[in-house]
Amino acid sequence: MMEVAEEPGLREIGCEHSLLSRPDGSATFVQGDTSVLAGVYGPAEIKVSREMHDKATIEVMVRPKVGLPAIQDKNHEQLIRETCESVILGTLHPRTSITIVLQVINDGGSILSCFLNAACMAMMDAGLPMNAMFCGVTCALDDDGQLIIDPNTKDQKVSPSISEV
């Protein structure tokens, strides 16, 4: 049986918004075998102990497909929160909370870039004021030093270097 090699480059991408009724904004982002669902809640009231008097508090929660969040999920939460904080005009909603929940549906590689893309689409769906939009892309180097754009899980495991921006 002959193996067919995949063409290098981006896998098929898909996005749909307003899928969920309870969040203020929602989106699903699919890239190849990787699929993420995002929900945005807020701006909403926040406990006095957690509020910031001059801007909105932004929380990000990553939910794995099964089990509890791992250390890598916590790292992803921090990177996504910092990215969202840099574009959301939080000063327009002081003393409020904006919560972004990201659920892994399937992880076929490049999960951080899918998280970022789903979060941006859900924030746009929620109508949050932003000074810019953002997107994520994952790159890796193969054993020959060739650049792989949008690596799958197999490519990421064998890559000596990977960058998710």
Side-chain angles (χ1 to χ4, degrees), residues 1-20 23-41 57-90 98-126 128-165:
M1 186 149 118
M2 190 170 94
E3 278 190 65
V4 178
E6 283 187 26
E7 271 301 306
L10 290 175
R11 297 174 288 170
E12 188 173 331
I13 294 173
C15 181
E16 196 172 337
H17 61 86
S18 300
L19 295 171
L20 305 173
D24 296 303
S26 63
T28 184
F29 192 85
V30 178
Q31 191 164 346
D33 293 334
T34 304
S35 179
V36 173
L37 180 63
V40 174
Y41 300 85
T57 300
I58 299 172
E59 297 176 282
V60 174
M61 291 182 272
V62 170
R63 301 288 179 237
K65 186 174 181 177
V66 293
L68 298 172
I71 293 171
Q72 186 64 35
D73 296 321
K74 296 299 179 186
N75 290 339
H76 286 158
E77 287 176 358
Q78 181 181 354
L79 289 166
I80 297 162
R81 185 181 64 252
E82 290 170 356
T83 302
C84 293
E85 283 175 343
S86 70
V87 299
I88 293 174
L89 299 173
I98 297 170
T99 304
I100 302 165
V101 181
L102 298 156
Q103 173 69 54
V104 176
I105 305 301
N106 193 44
D107 184 358
S110 303
I111 192 74
L112 179 57
S113 56
C114 287
F115 281 149
L116 288 166
N117 294 327
C120 184
M121 298 303 289
M123 291 186 327
M124 289 187 337
D125 187 48
L128 291 179
M130 299 187 293
N131 61 13
M133 291 189 304
F134 58 88
C135 66
V137 66
T138 304
C139 301
L141 292 177
D142 64 14
D143 292 333
D144 300 327
Q146 297 295 313
L147 186 65
I148 302 170
I149 305 291
D150 183 31
N152 58 32
T153 306
K154 182 181 135 204
D155 294 334
Q156 284 182 232
K157 285 181 180 175
V158 299
S159 174
S161 177
I162 187 163
S163 177
E164 297 185 284
V165 182

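Nothing fancy with the numbering, it's 1 onward along the sequence. On a predicted model such as this, the values are computed, not experimentally measured, just so you know.
Rounding to the nearest 0.5 Å places CG of Asp155 at 4.5 Å from CD1 of Ile148. Between the CZ atom in Arg81 and the CD atom in Glu85 there is a gap of 6.0 Å [rounded to 0.5 Å]. For the atom pair CD1 (Ile13) and OG (Ser113), the distance works out to 8.5 Å, reported to the nearest 0.5 Å. Asp107 CG to Gln156 CD: the interatomic distance, rounded to the nearest 0.5 Å, is 7.5 Å. Note: Ile149 CD1 to Ser110 OG = 9.5 Å, rounded to the nearest 0.5 Å. To the nearest 0.5 Å, the span separating CG on Leu116 from OG1 on Thr83 amounts to 5.0 Å.
Between Gly109 and Arg11, the shortest heavy-atom distance links the atoms O-NH2, 3.1 Å. Of all non-hydrogen atoms in Cys139 and Leu147, the two that sit nearest each other are CB-CD1, 3.9 Å. Closest of all the heavy-atom pairs between Ile80 and Ala119 is CG2-CB, 4.4 Å. The two residues Arg63 and Pro69 make their nearest non-hydrogen contact at NH1-CG, 4.1 Å.
Between Met123 and Phe134 there is a side-chain heavy-atom pair separated by less than 4.5 Å.
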Inset, instruction - Please lay out, stage by stage, how Ile100 and Cys84 fare under the test side chain to side chain contact (heavy atoms under 4.5 Å, CB included). - result: CA-CA 9 Å; Ile100 302 165; Cys84 293; 3.6 Å; yes
Inset, instruction - Check the pair Val137 / Asp150 against side chain to side chain contact (heavy atoms under 4.5 Å, CB included), numbers first and verdict last. - result: CA-CA 7 Å; Val137 66; Asp150 183 31; 5.6 Å; no
Inset, instruction - Using the side chain to side chain contact (heavy atoms under 4.5 Å, CB included) rule, take His17 and Met124 through it: C-alpha gap first, then chi angles, then the decisive distance, then the call. - result: CA-CA 9 Å; His17 61 86; Met124 289 187 337; over 6 Å; no
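Using modelled atom types, one finds no donor on one side chain facing an acceptor on the other under 3.5 Å when comparing Asn106 with Ser35. No side-chain donor from either of Glu16 and Thr28 sits under 3.5 Å from a side-chain acceptor of the other.
The number of heavy-atom neighbours closer than 6.0 Å to CG of Asp33, taken from other residues, nucleotides and ligands shown, is 12 or below.
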